[in-house]
Protein chains: 2
Amino acid sequence: MALGDAILACLTERPMTGYELAKTFDNSIGFFWKADHQQIYRELTKLRDRGHIQGREVVQSGKPNKLVYTLTPEGRAALRHWAARPSVPASIKDDLLVRLYALDSVDIEPVRTDLMARLEHHRDRFARYERLLNKRFPDGTAPPADVGKLLGLRIGLAHERAVAEWCEEAIEALSALSSGAERSNVVPIEDGQREKSG
Amino acid sequence: MALGDAILACLTERPMTGYELAKTFDNSIGFFWKADHQQIYRELTKLRDRGHIQGREVVQSGKPNKLVYTLTPEGRAALRHWAARPSVPASIKDDLLVRLYALDSVDIEPVRTDLMARLEHHRDRFARYERLLNKRFPDGTAPPADVGKLLGLRIGLAHERAVAEWCEEAIEALSALSSGAERSNVVPIEDGQREKSG
DNA sequence: CAGGCCATGTAACTTGTTACATGATTCC
DNA sequence: GGAATCATGTAACAAGTTACATGGCCTG
């Protein structure tokens, strides 16, 4: 039940609608915990049933009405209790690493292309975190209330930098591999049915 | 459908039973993709139905019979096609970072304890990867067939090192926070129902 | 007038988690 | 005698994904 707690964590900042939460899960907290709007709406009704949040309808004209959710004292307590429990070490779960694991049974070129896209992605992320850091914490320190958020940004930065550097290394390694292969017996495979060693 | 493909990736190494696969997903490939035995058995029947793998029962005495699964040519082709598609950049999904996000609404001490456990965990992982690296690739290079696995180990190492360093930083930051708090108006909270600012 | 933003949801499906079930063998 | 290992599975539930539905407002 970590998505529910992540939502409670968001609502400690300010009351929000499902829509705003969905956007938050696409940004700040979404850097460590992804969720789309369907998941969020479903979870919100559960949290409301449990009494952890309270919905208040705001009538709007020109726009659809919205449901603003606020943490209840029970919700606050639930969040605090959850936070006091040990966390589960997150595992990596990366598609690309599975591809690399089986690199010998797979075409190298598309994996190399993929790695280049990844490099771009991680560089973008890094730049984004850097901008955020400079904007919210220009002198590199945070007021006590925001220490956790600064730490989040810092691990984001460290992670993206490490992964981007690794991508560069991996691209080089694959390039060396496929230029080496041109001189060996490996022929390009077009038809997935053909076998390299049949 | 990445678990299915991860299983196919494992089976490129050698034919295996569900039990052996489960152990592999607790080790090597499991460093980037976790799955427990229930998930694996379920996926195996699906893969068999699709004709991507073939099961062969091996009668044993003293032990329960086992079902050894082998990749079919169709399975090999499916893996190759999957690998040629772009991967989805993995997101972090870390419980602990959610806790830090809401650090201001939560008790610091258990989070700090958790961080110390994490530091241990990541140091262990780092050491484990290092041992693996020294054992499988003593001179730091790999034969062409194993380049992907070496790259996997390398990102594992980089990742664990970065996270462990960050843990140290985070522990210090939280220690500074809670020793600062002793001199302010924050009182320890035992009962989750009580509010810090009610 | 097409596309994006605001705002909420349902339905169907796939993954992932937790608990239970069986039963012999080997190691302490 | 109890725990761990080998080996396979079912059942129920929680979480995550994909697709669909509605409808006005604003911008290009």
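Residue numbering restarts at 1 for every chain, and letters A, B, ... go by the order of the sequence lines. Everything numeric in this text was worked out from a predicted model, so none of it was measured.
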Distance, rounded to the nearest Å, where A:Asp36 contributes CG and C:dT10 contributes C1'
14 Å
Please determine if A:Lys34 forms a cation-pi arrangement with A:Phe25, meaning its NZ or CZ atom is less than 6.0 Å from the six-membered ring centre and no more than 45° off the ring axis.
no
How many Å lie between OH on A:Tyr69 and C1' on C:dG9, as a whole number?
10 Å
Between A:Lys66 and B:His37, the residue closer to the 5' end of DNA chain C by nearest nucleotide is A:Lys66
Geometric cation-pi criterion B:Arg161 and B:Trp166, 6.0 Å radius, 45° cone:
no
Whole angstrom is fine here: how far is it from CG in A:Leu47 over to P in D:dA14?
13 Å
Nearest-angstrom distance from the residue atom CG of B:Leu44 to P of D:dT8:
9 Å
Between C:dC5 and A:Lys23, is there an OP1 or OP2 to side-chain N/O distance shorter than 4.0 Å?
no
To the nearest angstrom, how far is B:Ile40 atom CD1 from C:dT17 atom P?
11 Å
Respond yes when some side-chain nitrogen or oxygen of B:Tyr41 is under 4.0 Å from OP1 or OP2 of D:dT8, and no when none is.
yes
Distance-only donor-acceptor check, side chains A:Arg118 and B:Ser87, under 3.5 Å:
yes
Can you confirm whether the side chains of B:Glu74 and B:His52 place a donor and an acceptor under 3.5 Å from each other?
no
Per nearest nucleotide of DNA chain C, the residue lying toward the 5' end, A:Arg42 or A:Gln60, is A:Gln60
Is the phosphate of D:dA15, meaning OP1 or OP2, less than 4.0 Å from a side-chain N or O of A:Gln39?
no
note: A:Lys34, atom NZ; C:dG16, atom P; distance rounded to Å ~ 18 Å
Would you indicate what A:Gln38 reaches in the nucleic acid, counting non-hydrogen atoms under 4.0 angstrom: base, sugar-phosphate, or nothing?
base
So, is A:Thr17 close to the C:dT8 phosphate, meaning a side-chain N or O under 4.0 Å from OP1 or OP2?
yes
So, are A:Arg14 and A:Glu20 salt-bridged, with charged N and O less than 4.0 Å apart?
yes
Are A:Lys93 and C:dT15 close enough that a side-chain N or O sits under 4.0 Å from OP1 or OP2?
no
Expressed in angstrom and rounded to an integer, what is the separation of B:Glu43 atom CD from C:dT17 atom P?
14 Å
Atom pair distance, as rounded to whole Å: CG in A:Leu3 and P in C:dT17:
15 Å
